[in-house]
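Written out below as structure tokens is the structure these notes cover.
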Amino acid sequence: MRPAKKGRIGTIMVTPAKLPVNDSPSPLMRTAIVSTGLLAFGTVVALSLPAPRSGTTQPEAASPDRAETLDPPFQDRPGACKLIETAVSRGDPTMAQRLANCRAN
């Protein structure tokens with residue numbers, strides 16, 4: 001004997017496969033994002049640099065007197081001769097002639 005047919009208890013539903021969600025921005029959007037980032041970085045770097053000073057001169061108080069600039073480079077001749085002697089004692093052959101000139105003056 002066969003069991004009595006029973007009706008269906010429920011409907012079997014099949015859900016469709018999930019499509020992958022594309023969360024990444026489009027290539028054009030990526031280009032815009034990178035360009036904006038580089039522009040922001042360049043702006044920060046440019047603002048952190050010191051301002052250019054073209055055509056500016058030193059204030060008059062900071063410039064040396066005219067008389068000082070016309071003086072010979074070695075105002076301390078004994079000190080200069082001492083430095084030349086030290087260079088000669090360390091084996092600098094080019095300073096030997098300068099030492100002779102220094103002693104002559």
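Count residues from 1 along the sequence. On a predicted model such as this, the values are computed, not experimentally measured, just so you know.
In this structure, D92 CG and L99 CG are separated by 11.0 Å, a value rounded to the nearest 0.5 Å. Here the CZ atom belonging to R30 is positioned 5.5 Å from the OG atom belonging to S24, to the nearest 0.5 angstrom. Note that the CD1 atom of I84 and the OG1 atom of T94 stand 10.0 Å from one another [nearest 0.5 Å].
Residues passing the side chain to side chain donor-acceptor pair (under 3.5 Å) test with E85, sequence neighbours excluded: none. For T15, there are no side-chain contact (heavy atoms from CB on, under 4.5 Å) partners two or more places apart in sequence or in a different chain. Residues forming a side chain to side chain donor-acceptor pair (under 3.5 Å) with T36 (at least two apart in sequence, or on another chain): none.
Closest of all the heavy-atom pairs between A87 and M95 is CB-CG, 3.7 Å.
The shortest side-chain heavy-atom distance between T31 and S35 falls under the 4.5 Å cut-off.
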